[in-house]
Amino acid sequence: MSAKAQLAPRVLLDAFKIATEKYSNDVDYLWFYGYLISVFPEHFVSVYSDYLKAENTGKQMLNVASQMQYTLAIIFNEKFSEKDVLESGKKDLENMFDKSTEVYNYFIKMIELIESENKK
């Protein structure tokens with residue numbers, strides 16, 4: 001494993017800890033880390049002591065952001081599929097992330113996957 005690949009999980013956890021201290025009630029924090037933790041709980045076991053506890057915590061964070069009517073949380077928590085909601089989510093991502101970043105591309109691809117599932 002490359003040095004960069006070994007460093008990534010530590011950077012993720014460090015960023016998560018800093019964000020948790022400063023933004024734990026912020027809707028952007030809740031949907032973003034809620035999604036990451038619920039989909040990739042293995043990276044957060046050191047924080048939550050257990051895979052299922054991490055996964056459930058992420059889902060709870062997404063639920064809170066969804067209850068706050070945050071478009072991206074609704075999309076990724078409930079796999080919400082109405083075209084106007086998905087388009088709104090794409091615009092939110094454009095405002096949140098630089099279009100040249102991997103994180104932007106990842107979430108756009110996830111929305112496009114939801115869109116393609118709707119067409120089946």
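Atom set for the values below is all heavy atoms of this structure, side chains included, hydrogens, waters and symmetry mates excluded. In this chain, numbering begins with 1 at the start of the sequence shown.
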| request: Would you mind listing every side-chain hydrogen bond (donor to acceptor under 3.5 Å, both in side chains) that reaches into residues 39-62, with sequence neighbours excluded? | output: none

| field | Residue pairs involving residues 90-110 (criterion side-chain hydrogen bond (donor to acceptor under 3.5 Å, both in side chains); sequence neighbours excluded) | value | Tyr35-Tyr106, Lys90-Glu115, Asp98-Ser100

| request: Only counting residues at least two apart or in another chain, list the ones meeting side-chain contact (heavy atoms from CB on, under 4.5 Å) with Met96. | output: Asp28, Trp31, Tyr70, Leu72

State, to 0.1 Å, how close [X] and [Y] come at their nearest heavy-atom pair, and which atoms those are.
X: Leu62; Y: Ser38; answer: CD1-OG, 3.8 Å
X: Ser66; Y: Ala73; answer: OG-O, 3.3 Å
X: Val85; Y: Ile75; answer: O-CD1, 3.4 Å
X: Thr71; Y: Gly89; answer: CG2-N, 3.7 Å

| field | Partner residues of Phe16 under the ring pair (Phe, Tyr, Trp, His ring centres under 6.0 Å) criterion, sequence neighbours left out | value |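 With neighbours one apart ignored, the set is Tyr33, Phe44.
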
Please check if [X] and [Y] belong to a single hydrophobic cluster, counting links between Ile, Leu, Val, Met, Phe, Trp and Tyr side chain heavy atoms closer than 4.5 Å.
X: Phe107; Y: Phe40; value: yes
X: Ile37; Y: Leu52; value: no
X: Val45; Y: Val47; value: no
X: Tyr23; Y: Met61; value: yes

| Could you state the interatomic distance from CG (Leu36) to CG (Leu12), rounded to the nearest 0.5 Å? | 6.5 Å

| field | Parallel, tilted or perpendicular: rings of Phe32 and Phe97 (30°, 60°) | value |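 If you compare the ring of Phe97 with that of Phe32, the planes turn out tilted.
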
| query | Which residues pass the side-chain hydrogen bond (donor to acceptor under 3.5 Å, both in side chains) test with Thr20, sequence neighbours left out? | reply | Tyr29

| remark: Sorted by chain and number, sequence neighbours left out, side-chain hydrogen bond (donor to acceptor under 3.5 Å, both in side chains) with Asn63 holds for Asn77

